[in-house]
Every structure is written in structure tokens, then in C-alpha cells.
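Here's the structure we're looking at; comments come further down.
Here, residue 1 is the first one in the sequence, and each next residue gets the next number. Worth knowing before you read on, the calculation uses all heavy atoms, side chains too, and leaves out hydrogens, waters and symmetry mates. In listed order, ligands and their atoms are each counted from 1.
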Amino acid sequence: MDSPPHAQLHDGSEKPLHDLLIIGGGINGAAIARDAAGRGLSVLLVEKDDLASHTSSASTKLIHGGLRYLEYYEFRLVREALGERERLLGIAPHLIRPLHFVLPQPPGGRPGWLIRIGLFLYDHLSGRGTLERSKAVRLSGSGYGDGLKRETAKGFVYSDCWVDDARLVALTARDAADRGADIRTRTAFVAARRDGAVWSATIRDGGGAQAVRARAIVNAAGPWVGQVLGLTEGVAPERPPRLVKGSHIVVGRRFRGEHAYILQNPDGRIVFAIPYEQDFTLIGTTDVPFSADPQAPAIDADETAYLCESVNRYFAAPIGPADVLHSFSGVRPLFDDGSDDASAVTRDYVLKLGCDEGPQYLSVFGGKITTCRRLAEHALTDLAPFLPAMGPAWTADAPLPGGDIAGGDFDGFVAGVRARWPFLPGPMALRMARAYGTRIDRIIGDARSIDDLGEDMSGGLHAAEVDYLVAQEWARTADDILWRRTKIGLHTGAATRAKLEKRLAGAGG
Ligand SMILES: Cc1cc2nc3c(=O)[nH]c(=O)nc-3n(C[C@H](O)[C@H](O)[C@H](O)COP(=O)(O)OP(=O)(O)OC[C@H]3O[C@@H](n4cnc5c(N)ncnc54)[C@H](O)[C@@H]3O)c2cc1C
């Protein structure tokens with residue numbers, strides 16, 4: 001692809017000049033980088049670790065309006081998120097798929113009339129979408145009641161969508177790079193100060209510190225947004241974000257069927273139980289105020305007990321901490337709206353401009369995976385007066401890499417993958433079709449047998465895919481591949497990791 005018009009980075013100074021320096025390679029930083037690069041701006045994104053290595057790989061992985069936010073009157077957020085649900089499904093039909101949610105109605109739960117009103121609103125705020133509308137169902141004796149205790153006889157079913165959050169970030173960053181953005185992982189933003197009409201910033205990677213300049217800075221550092229603000233001279237201080245930890249547990253599959261459950265708890269919170277990676281059930285999340293270092297949050301015993309109790313109220317076969325095969329925790333960097341209750345703090349995003357004059361600085365607070373595309377559009381609207389002329393908004397209908405699937409027909413696409421490469425085992429064909437969409441061709445290409453894909457690392461991961469992830473998706477370590485570019489870590493063990501590390505060492509990782 002040709003370089004965008006503003007990518008001539010030098011203006012006589014020794015240090016390169018970018019239109020935008022974006023700090024943070026989570027979903028928000030990646031989405032802003034993609035949108036800006038597609039409008040012709042020169043973009044440098046720095047991420048201190050791996051893409052999506054923090055909050056953006058620890059979500060519940062729903063592309064949803066957020067039914068429960070209606071109880072907090074977050075109508076703007078819910079309407080926007082429901083609109084985005086449909087758009088994201090359109091631009092990434094490989095990565096995002098519709099999912100039915102079963103809401104059992106227990107004795108003592110929210111009254112049926114309240115749920116009906118909530119679902120009516122949810123359906124209507126969605127507009128004329130492609131997803132099925134909600135309905136009341138009998139659970140006992142139907143597939144929707146599988147695994148549940150017999151006394152939970154009635155409930156409702158509604159639709160939302162599912163996404164592999166970390167892959168959404170990687171593909172968004174890939175598209176940004178395809179459109180000219182410079183994406184640098186393992187590169188930390190260290191400091192910045194004004195230098196006339198631009199920012200002079202220091203970034204640091206494994207090779208040492210470098211100086212760069214930018215017309216504007218975007219602080220999309222998630223849980224570090226407050227800390228990163230403090231690294232820049234001359235920006236108005238903001239209230240620190242409200243950090244709220246949310247944890248998930250993964251257990252062996254607890255029910256048949258492709259639907260998920262949304263379970264009401266006596267404290268008014270809800271917990272999801274979602275089919276996960278074929279063999280598992282994902283259960284989450286908690287909402288715990290958090291004040292420690294967000295680098296590696298971990299689930300605690302109380303959260304595990306809470307999640308087990310939540311599902312044990314509904315499922316016939318109880319689970320306990322010993323059944324937990326895997327867990328992960330993330331820290332929500334929420335805008336502090338003064339709420340006492342962690343579950344009630346707004347999940348909406350807030351963008352703050354930090355300078356009255358000179359080069360501009362924008363900080364991102366809160367947000368959802370679901371609303372990343374709109375957040376990016378709003379960020380660029382806010383920054384437009386401080387940047388060179390840029391193109392119009394364009395991301396609503398532009399497919400993400402691999403998302404150019406004819407008619408969005410994913411099932412038809414998978415059938416085509418199986419027909420073209422009949423030697424691929426069924427689960428591997430499906431996994432790769434979901435992960436790469438039409439770009440699967442760039443990995444499998446002319447291979448005529450599974451052996452042509454190189455060394456088998458187990459779990460359906462072969463050398464050809466590893467090499468592609470290194471070359472195209474910034475993968476450097478075994479964890480990048482086992483837990484973020486794929487979820488093969490759930491299905492494999494130490495032997496796979498050892499083989500992968502050897503291959504990555506050979507690739508310079
Ligand atoms: C438990 C939980 C469940 C959720 N479930 C959902 C859901 O189902 N659906 C949904 O839509 N949303 C969900 N969310 C919300 C969503 O995950 C977040 O809003 C989103 O991931 C935030 O993305 P971000 O880019 O702002 O932050 P992050 O993903 O944390 O990215 C910020 C990045 O900035 C980097 N960084 C920090 N400091 C520096 C520096 N100095 N230099 C360079 N890089 C730096 C960090 O390393 C990090 O990778 C959930 C959140 C949580 C915690």
C-alpha cells in the first residue's frame with residue numbers, strides 16, 4: 001500500500017515528526033490508529049508489552065449493548081453499542097458471531113414484567129438488525145435448560161455477539177499498519193514535553209531510548225492512563241480512573257448447546273456462563289475495586305468462590321475451586337463518576353482534551369471493546385482542529401483483515417476452506433477460518449498436505465502459522481501466540497510451549 005500523504009515524517013529536524021503518537025496497543029489505541037491511518041494521518045503507536053496484553057484480552061468477549069446497563073439508565077451507551085454490534089459483525093464476520101443468551105428466571109429474581117420491559121427496550125434500541133429478537137421460553141425439557149436445576153423452569157432468550165477480543169486488537173492493528181501506521185510493540189512511552197507547536201517525546205524499546213515528535217498525543221494507556229498523564233509536561237491533570245478488577249474462571253464444559261447463560265445473583269449482579277473453545281465453559285465476571293499495580297492482576301479466593309456460587313445456584317452439577325482449569329483477570333479503567341458501587345460506575349467512555357493551546361493531548365477513559373470504532377471516530381473529531389486536514393470517517397463498512405467474506409456468509413466460507421484444503425482436520429479448519437478469515441490463504445496457500453505446513457507444535461498449530469504470526473501480527477513470545485493470537489494454550493502443555501519457544505528463538509523472537 002502507498003504511504004499516506006502525511007507520512008513524510010521529516011521537516012528538517014533530526015527527529016521524525018508524526019501527526020499522532022498513540023500510547024497503548026489495547027483495543028482503543030489500535031482502533032484510533034486504524035481510523036487515523038486510513039484518513040491519511042501519519043501514526044506511531046507504542047505499546048510497552050504485547051498488543052492486547054492487558055484489559056483488551058481479559059474481557060468477557062461480548063460484542064453487546066449491555067442489557068444490565070439499562071438498569072443504570074445508560075441509554076446512550078446501550079444504543080451506540082447495539083449499533084456497533086451490527087457494524088462489527090458486518091466488518092468482521094469471521095471473528096464475531098451471534099450468540100443466544102438464556103436468562104433463567106429464578107424465584108426471587110427480577111420480576112418477569114421488568115425483564116420483559118428491559119428486553120423490549122434492548123430489541124428496539126438495536127433498530128432493524130440481523131440478530132434474532134428476544135422471546136420468553138420454557139427451560140425444562142428444552143435444549144435451553146441443559147445442565148440447569150429442574151426448578152428453573154422459565155426464562156427468556158435474547159441475542160448478542162461473541163468475539164475473540166485479543167484477535168480483534170491484532171487485526172485492527174494489522175489494518176492500521178496496512179494503511180501506513182507504524183505499530184511498535186515492546187516499546188514504552190517514557191516522557192513528553194512541548195517543543196514549539198509539537199510534542200517532543202521519548203520512547204524506549206529493547207535497543208534503548210529514542211526521540212520522536214508528534215503534532216498530537218493520544219493517551220490510550222487503559223489502566224495506566226493516569227500514570228501516563230503524569231509523564232507529560234504541560235497537560236491539565238485529570239481525576240485518576242476508577243480501577244475495577246474483573247475476573248473469569250474456565251472450567252470443563254458444563255452444558256450442551258451453543259447458547260450462553262446470563263445468571264442473576266441475589267446481590268443484583270449478573271454472571272455469564274459461556275461455551276468456550278469447544279471443551280470449556282467461561283464464567284465471569286466479578287467487579288472488585290482495585291488499587292494495586294495493574295500489570296498482572298490475579299483472581300483471589302473470594303472471587304473464585306463468588307463465581308462458583310453463582311453458577312451453583314443454577315446448575316445441577318456443582319463446581320468448586322478445584323474444578324477451575326484456568327482464570328484471568330483484567331482491570332477496567334473507568335471514568336470516575338463518583339458512584340459508591342463498583343458495578344454502578346459508568347462503562348461509557350469519556351475523552352478529555354488536555355491543552356488550551358499548542359499541540360493537543362487526548363486521554364481516553366473507560367469504553368468497551370464493543371464501542372472501539374465509535375470511540376476512535378469521536379477521538380479524531382475532537383483532534384481534527386489540531387491536526388492537518390484529514391479524510392472523512394470511513395471505518396463503518398470497511399472489513400477488517402480477513403473479513404471480506406462474500407455476503408458475510410461464514411458457514412459458506414468454512415465449507416470453501418474445507419473443500420480447498422481437505423487435509424486440514426475439521427477443528428483446525430474452523431479455528432483458522434475464524435481467526436484469519438480470507439487471510440487463511442496467506443498461511444496455507446499452496447500446501448497440499450498437512451506436512452507442507454511444517455513442524456506440528458500440537459493443538460493444530462504448525463510452523464507456517466507461527467511464522468505468519470511473527471511476520472504479520474507482531475508475535476514475539478510463546479504467550480503472545482498461546483494466549484492472545486490463538487487460545488491454543490488452553491488445549492496444550494509444556495511440550496508445545498518448548499517447541500514454540502525454539503521456533504521463535506530461530507525467528508529472532
Ligand atoms: C473483566 C472485564 C470484562 C469486560 N467485558 C467486556 C465485554 O464483554 N465486552 C466489551 O465490549 N467490553 C468489555 N470490557 C471492557 C473492555 O475490555 C475495555 O474497555 C477495553 O479492553 C479497554 O481497552 P484499552 O485499550 O483502553 O486498555 P488496555 O487494553 O489495557 O490497553 C492499554 C495498553 O496501554 C499500554 N501502556 C500503558 N502504559 C504504557 C506506556 N507508558 N507506554 C506504552 N504502552 C503503555 C498497556 O500495556 C496496555 O496494553 C471488559 C473489561 C473487563 C476488565
Side-chain angles (χ1 to χ4, degrees), residues 21-33 44-66 68-69 77 80-81 84-85 88 96 99 160-163 165-166 168-169 172-173 184-192 201-205 217-232 241 243-248 260 271-272 274 282 284-288 290 294-297 299 303 307 327-335 342 347-349 351 363-373 375-376 379 484:
L21 168 61
I22 299 174
I23 305 159
I27 191 62
N28 289 329
I32 296 170
L44 171 63
L45 180 150
V46 291
E47 162 54 53
K48 66 180 170 57
D49 298 315
D50 180 30
L51 293 173
S53 46
H54 296 286
T55 317
S56 297
S57 58
S59 82
T60 310
K61 306 173 202 321
L62 304 180
I63 297 294
H64 65 159
R68 80 173 187 88
Y69 307 144
L77 172 63
E80 181 172 285
E84 285 307 287
R85 189 180 69 175
L88 295 180
I96 298 176
L99 184 60
D160 262 322
C161 287
W162 168 261
V163 69
D165 48 6
L168 186 67
V169 177
T172 304
R184 297 200 210 166
T185 60
R186 272 96 190 178
T187 305
F189 167 82
V190 178
T202 307
I203 58 175
R204 186 188 301 278
D205 63 14
I217 292 181
V218 172
N219 175 352
W224 290 266
V225 59
Q227 190 185 318
V228 164
L229 256 166
L231 299 175
T232 307
L243 299 184
V244 177
K245 180 174 66 156
S247 299
H248 293 82
V271 163
F272 292 101
I274 303 173
L282 176 68
T285 169
T286 52
D287 267 331
V288 184
F290 186 80
Q295 186 67 18
I299 193 166
E303 290 178 279
L307 293 173
S327 68
F328 58 87
S329 304
V331 177
R332 300 177 175 92
L334 303 177
F335 181 73
R347 263 55 174 166
D348 210 344
Y349 55 84
L351 304 176
S363 302
V364 176
F365 292 85
K368 309 277 302 162
I369 298 277
T370 310
T371 49
C372 64
R373 198 197 62 82
L375 180 150
R484 289 182 285 275

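- Using a 4.0 Å heavy-atom cutoff, Arg347 is absent from the residues neighbouring ligand 1.
- Under 4.0 Å from ligand 1, not a single heavy atom of Ala81 appears.
- Ligand 1 has at least one atom lying under 4.0 Å from a heavy atom of Asp49.
- Contacts of Ala52 with ligand 1, taken as heavy-atom pairs under 4.0 Å, are absent altogether.
- Of the protein's non-hydrogen atoms, Gly367 O, 2.5 Å is the one closest to atom 19 (O) of ligand 1.
- Both the backbone and the side chain of Asn28 come within 4.0 Å of ligand 1, counting heavy atoms alone.
- For the pair Thr187 and ligand 1, the shortest N or O to N or O distance does not fall below 3.5 Å.
- Contacts between His248 and ligand 1 below 4.0 angstrom, taking non-hydrogen atoms only, involve the side chain exclusively.
- Against a heavy-atom cut-off of under 4.0 Å, Arg332 is close to the following atoms of ligand 1: 1 (C), 2 (C), 3 (C), 51 (C), 52 (C), 53 (C).
- The pair Asp287-Arg347 meets the salt-bridge criterion, since a charged nitrogen lies less than 4.0 angstrom from a carboxylate oxygen.
- Taking atom 27 (O) of ligand 1 as the reference point, the nearest protein heavy-atom neighbour is Gly222 CA, 3.5 Å.
- Of the heavy atoms in Ile27, both backbone and side-chain atoms come closer than 4.0 Å to ligand 1.
- Counting heavy atoms closer than 4.0 Å to ligand 1, residue Phe189 contributes atoms from both its backbone and its side chain.
- Of the listed residues (Glu47, His64, His54, Gln227), the one carrying the non-hydrogen atom nearest atom 33 (C) of ligand 1 is Glu47.
- Using a 4.0 Å cut-off to heavy atoms of Leu62, the atoms of ligand 1 that qualify are 7 (C), 8 (O), 9 (N), 10 (C), 11 (O).
- Checking Ser56, Cys372, Gly26, Ala188 against atom 23 (O) of ligand 1, the nearest heavy atom belongs to Ser56.
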